[in-house]
Amino acid sequence: MTKLNIYLVRHGQTFFNIYNKLQGWSNSPLTMKGKEDAKLAGEKLQKIHFDAAFCSDLPRAMETAQVILNINQADSVDHPITAPYFREEFYGSYEGTNMDFAWYNAGAPHGLKNFREIVEKYSIGQAKDWLKDADPFHDAENSEEYWQRMDKGLALIRDADLPDGANVLWVSHGNTLLSLVERFGHGKYDVTERPANGSLTRATLTDDDMEIVEYNK
């Protein structure tokens with residue numbers, strides 16, 4: 001059974017991050033701090049040889065991934081493989097809106113005021129389902145739709161014909177990291193707060209499972 005070492009990095013800070021807006025499939029540019037986040041992540045990982053790199057096809061993830069690979073000194077791959085499977089959750093008509101407003105609309109019908117309360121009482125998956133319910137267009141991804149897409153991304157990594165023990169860079173998004181940690185972290189980590197921009201989460205990926213080894217470092 002092939003076992004891959006996954007290095008999950010959240011993209012650098014964007015303007016929508018500063019403005020507390022949901023980004024999802026939308027995009028805003030990296031700030032100066034966001035570019036520095038990417039550079040610092042690259043410096044942290046510069047001695048690690050990456051046999052492959054993956055990220056979503058959203059510019060904030062692609063730019064972060066490319067900065068990390070440009071800094072790398074361990075004869076790693078030159079460019080990431082991009083795919084829509086790795087995108088952040090799609091927030092439907094709440095794309096670009098204030099996060100507090102969106103999650104209040106999702107939770108209020110159920111007596112909960114924010115993302116933290118929903119996750120503490122239920123789960124991130126439930127938050128996804130309720131946001132789709134609250135979206136007047138019902139275009140936001142629910143948990144089932146989200147994981148159908150993300151599982152295709154995991155399959156893309158598994159099918160990349162990498163050697164056992166290969167190191168893989170995966171530049172990801174805040175809610176996606178939380179979702180992965182909730183699903184594969186076995187309850188060991190706090191998923192009520194978003195990971196820091198440029199932070200590192202490590203995991204192992206096998207043919208039939210994933211395990212979170214270290215979160216938000």
Side-chain angles (χ1 to χ4, degrees), residues 1-18 23 25 27-88 150-181 184-185 189 194-207 209-217:
M1 177 183 292
T2 301
K3 186 175 184 179
L4 304 176
N5 302 309
I6 308 295
Y7 291 76
L8 281 154
V9 176
R10 187 184 177 197
H11 63 76
Q13 183 195 70
T14 69
F15 285 96
F16 272 20
N17 290 150
I18 295 175
Q23 284 182 99
W25 291 10
N27 196 73
S28 64
L30 296 185
T31 62
M32 291 303 297
K33 180 185 180 302
K35 295 176 186 295
E36 185 66 16
D37 291 335
K39 180 172 177 287
L40 290 174
E43 290 172 350
K44 185 187 300 184
L45 300 171
Q46 63 184 341
K47 302 297 184 183
I48 296 173
H49 170 76
F50 291 111
D51 298 271
F54 298 86
C55 68
S56 77
D57 58 353
L58 297 169
R60 61 189 185 273
M62 292 192 296
E63 182 176 351
T64 301
Q66 196 58 61
V67 168
I68 293 171
L69 293 175
N70 288 347
I71 291 173
N72 191 269
Q73 299 177 4
D75 193 30
S76 296
V77 294
D78 293 328
H79 303 287
I81 296 169
T82 64
Y85 306 136
F86 300 113
R87 288 182 183 181
E88 179 63 289
M150 192 57 60
D151 282 340
K152 292 177 182 177
L154 292 172
L156 188 64
I157 297 174
R158 289 186 173 109
D159 294 342
D161 194 27
L162 297 169
D164 184 42
N167 296 321
V168 176
L169 173 67
W170 177 358
V171 175
S172 189
H173 302 269
N175 190 286
T176 290
L177 275 166
L178 290 178
S179 300
L180 289 166
V181 170
F184 298 111
Y189 306 97
R194 299 172 79 79
N197 292 105
S199 65
L200 173 65
T201 294
R202 293 193 303 113
T204 57
L205 183 67
T206 59
D207 297 339
D209 197 14
M210 184 173 183
E211 181 179 355
I212 304 300
V213 177
E214 184 180 50
Y215 172 58
N216 195 29
K217 296 298 182 180

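Fair warning: this is a prediction, and the values are worked out from it, not measured in the lab.
Among residue pairs with one or both ends in residues 158-171, those qualifying as side chain to side chain donor-acceptor pair (under 3.5 Å) are Asn5-Asn167; sequence neighbours excluded.
Distance CG/Asn72 to CG/Leu45: 8.0 Å, rounded to 0.5 Å. The structure places NE2 of His79 at 5.5 Å from CD of Gln66, a figure rounded to the nearest 0.5 Å. Atom CG of Asp209 sits about 7.5 Å away from atom OG1 of Thr204, to the nearest 0.5 Å. Interatomic distance, Leu8 CG to Met210 CE, rounded to the nearest 0.5 Å: 5.0 Å. Note that the CG atom of Leu169 and the CG atom of Leu69 stand 5.5 Å from one another [nearest 0.5 Å]. Atom CD of Glu63 is separated from atom OG1 of Thr14 by 11.0 Å, given to the nearest 0.5 angstrom.
Looking at Lys3 and Leu205, their side chains never come closer than 4.5 Å, going by heavy atoms from C-beta outward. Considering only heavy atoms from C-beta on, Asp51 stays 4.5 Å or farther from Val168 through its side chain. Taking 4.5 Å as the limit, some side-chain heavy atom of Ile157 sits within range of a side-chain heavy atom of Phe86. Two residues are said to be in side-chain contact when any heavy atoms from C-beta on lie closer than 4.5 Å; Ser179 and Met150 fail this criterion.
In this structure, a donor-acceptor pair under 3.5 Å is absent between the side chains of Gln23 and Asn27.
For Leu40, the side-chain contact (heavy atoms from CB on, under 4.5 Å) criterion is met by Glu36, Glu43, not counting sequence neighbours.
Between the side chain of Thr64 and the backbone N or O of Gly12 there is at least one donor-acceptor pair closer than 3.5 Å.
For the residue pair Ala41 and Val9, the shortest heavy atom distance occurs at CB-CG1, 4.0 Å. Closest approach of Glu88 and Asn175 over heavy atoms only: OE2-N, 2.8 Å. Heavy atoms only, all atoms of each residue included: Ser56 and His173 are closest at OG-NE2, 2.9 Å. Of all the heavy atoms in Ala203 and Ile212, the pair that sits closest is CB-CD1, 4.0 Å. A pairwise comparison of heavy atoms in Arg87 and Asp57 identifies NE-OD1, 2.7 Å as the closest pair. Minimum heavy-atom separation, Ala196 to Asn216: N-OD1, 3.0 Å.
No more than 12 heavy atoms of other residues, nucleotides or ligands lie within 6.0 Å of OH in Tyr85, so this atom counts as exposed by the packing criterion.
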Worked verdict on Arg60 versus Asn197 for side-chain contact (heavy atoms from CB on, under 4.5 Å): CA-CA 11 Å; Arg60 61 189 185 273; Asn197 292 105; over 6 Å; no
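In this pair, Tyr7 and Phe50 present their aromatic rings perpendicular. The plane angle is above 60°, beyond the 30 to 60° band.
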